[in-house]
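Beneath this line is the structure, given in structure tokens, with notes to follow.
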Amino acid sequence: MRHFLEVDDLSRPELERVLDLASMAEPPRVLAGKGMALIFEKPSARTRNSMEMAVVQLGGHPVYIQADEVGLDTRESVEDVTNAMAGFHAAVGARVFEHSQVERMAAVDRVPVVNLLSDEGHPMQALADLLTMHREFGALEGRSVAYVGDANNVARSLAIGAALCGMTFRIASPGGYTFPDRDLDRIRQHAEPEVFDRPEDAIAGADAVYADTWTSMGQEAEAEQRRRDFEGFQVDERMMGYASAGAIFLHCLPAHRGEEVSDDVLDGAQSRIWVQAANRMHAARGLLAWLMGEVKS
Ligand code: CP
Ligand code: NVA
């Protein structure tokens, strides 16, 4: 039984296979007659829709479930919900506040579990990010991506995924918003990340520049403080000027225009945000096809 809670739950060859499967012209019907439960504790536009459509394209039926309906650890334990879902579905995906909840689902080990974003990681996003850069650049080995902002769930999964693919991962964050040692150790298992204080230094010569919100879901009470703390970390045209010629701009979205990124960068010629968002569906299809055992047949 395989689960996908973080990008490096896949080996590098497995990750490359998933990216290949994401681009298959005729998706295998590995979910024909089967379902996938998609449990959300937080809002979503891209993740819900990309997962649902990926399941449909593989011949299956997605069931969207608001976490309140099943009452994770209130109406029923996480383990009991997972056991029930395993009786109906070929896979379970969950977007949760606490990463331990997806770990507990995976520990039941009766159905593959996919992390649809937790406080620790957003591996489905990272798969789409890698697919986007792969389609843009070809081979990822030796390319660089510079992440500017909060060392959050999106940054962590991107760092792990980029390192796993032989890319250089660079990050610039204000003091207090950097990766904890635990995350750095995890990334270092694949490649040493390059950590900077100034965004200009992280961006210098990079092939891709990446931004995410300064205030993640669940941190809304800190938004004012964070706006102050992240001053000087907006990716604008001047910042993009430090990147390599032909560099692209990526953002997992939703974006907060005028905060972590300026309108002109988000809507400019270097931006790939809409193809990146669409790639969420293709990457999800690749991951689910692999998880359903296409690769082993
Ligand atoms: N990038 C992303 O996960 O978007 P949603 O929160 O809309 O799913
Ligand atoms: N870091 C953001 C990503 C949203 C897709 C959050 O967790 O809210």
Side-chain angles (χ1 to χ4, degrees), residues 4-7 22 36-55 62 64-67 93-102 114-133 145 147-161 169 171-174 176-180 183 208 210-223 225-227 229-230 233-235 249-257 259-261 266 271-285 287-288:
F4 188 65
L5 306 190
E6 188 46 278
V7 181
M36 179 167 188
L38 301 167
I39 303 172
F40 283 79
E41 280 194 332
K42 308 180 192 182
S44 169
R46 282 145 290 270
T47 305
R48 175 184 176 178
N49 283 276
S50 61
M51 294 301 300
E52 287 205 19
M53 289 314 301
V55 170
Y64 169 74
I65 302 161
Q66 286 189 336
R95 168 168 284 196
V96 295
F97 282 101
E98 290 177 20
H99 190 74
S100 60
Q101 292 190 307
V102 282
V114 178
N115 177 8
L116 302 180
L117 182 148
S118 69
D119 55 336
E120 285 194 8
H122 196 1
M124 294 305 297
Q125 179 66 51
L127 284 185
D129 302 339
L130 294 170
L131 181 64
T132 305
M133 291 189 281
V145 55
Y147 179 98
V148 176
D150 189 20
N152 61 15
N153 44 9
V154 167
R156 180 182 190 267
S157 293
L158 178 66
I160 292 170
F169 178 81
I171 185 166
S173 315
Y177 298 96
T178 55
F179 280 128
D183 288 350
Y210 201 115
D212 182 19
T213 183
W214 294 335
T215 303
S216 286
M217 291 181 276
Q219 300 172 332
E220 288 77 8
E222 302 170 20
Q225 182 64 47
R226 284 170 171 265
R227 263 184 220 110
D229 293 344
F230 282 86
F233 281 74
Q234 183 186 92
V235 177
F249 174 77
L250 300 173
H251 191 308
C252 61
L253 305 175
H256 302 78
R257 291 169 176 268
E259 293 192 15
E260 74 272 7
V261 59
L266 208 50
S271 176
R272 296 292 182 275
I273 58 170
W274 300 124
V275 72
Q276 179 188 9
N279 281 340
R280 289 293 308 272
M281 178 177 73
H282 304 303
R285 204 175 55 241
L287 188 274
L288 292 178

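This is a predicted model, so every value here is computed, not measured. Read the numbers this way: they start at 1 and go in the same order the structure lists the ligands and their atoms. Residue numbers start at 1 and run along the sequence shown.
Panel note: side chain E41, backbone F97; a donor-acceptor pair is recorded below 3.5 Å. Counting only distance, with no hydrogens or angles, the side chain of R280 and the backbone of A128 share no donor-acceptor pair below 3.5 Å. For the pair Q219 (side chain) and S216 (backbone), a donor-acceptor distance under 3.5 Å is present. Checked by atom type and distance alone, the side chain of R226 pairs as donor or acceptor with a backbone atom of W214 at under 3.5 Å.
Of the protein's heavy atoms, R46 NE, 2.9 Å lies nearest to atom 4 (O) of ligand 1.
Near A45, with a cut-off below 4.0 Å to any heavy atom, the atoms of ligand 1 are 5 (P), 7 (O), 8 (O).
For ligand 2, the protein residues placed under 4.0 Å by at least one non-hydrogen atom are L117, N152, N153, V154, D212, T213, S216, M217, L253.
Checking each of V235, V261, I171 against V148 for a side-chain contact (heavy atoms from CB on, under 4.5 Å) leaves exactly one that passes, namely V235.
When heavy-atom distances to ligand 1 are checked against a 4.0 Å cut-off, H122 comes that close only through its side chain, counted from C-beta outward.
A cation-pi geometry, defined here as NZ or CZ lying under 6.0 Å from the six-membered ring centre and within 45° of its normal, holds between R48 and Y64.
Counting all heavy atoms, side chain and backbone alike, G149 lies closest to F233 at N-CD2, 4.4 Å.
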May I have the step-by-step check of side-chain contact (heavy atoms from CB on, under 4.5 Å) for I273 and Q276, ending in yes or no? CA-CA 5 Å; I273 58 170; Q276 179 188 9; 4.2 Å; yes

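Checking only distances, Q125 does come within under 3.5 Å of ligand 1, N or O to N or O. At a 3.5 angstrom cut-off on N or O pairs, L117 does not count as close to ligand 1.
Nearest-heavy-atom check against atom 6 (O) of ligand 1 across R280, R95, K42 picks out R95.
E6 and S157 share a side-chain donor-acceptor pair at under 3.5 Å.
At least one heavy atom of L253 lies less than 4.0 angstrom from ligand 1.
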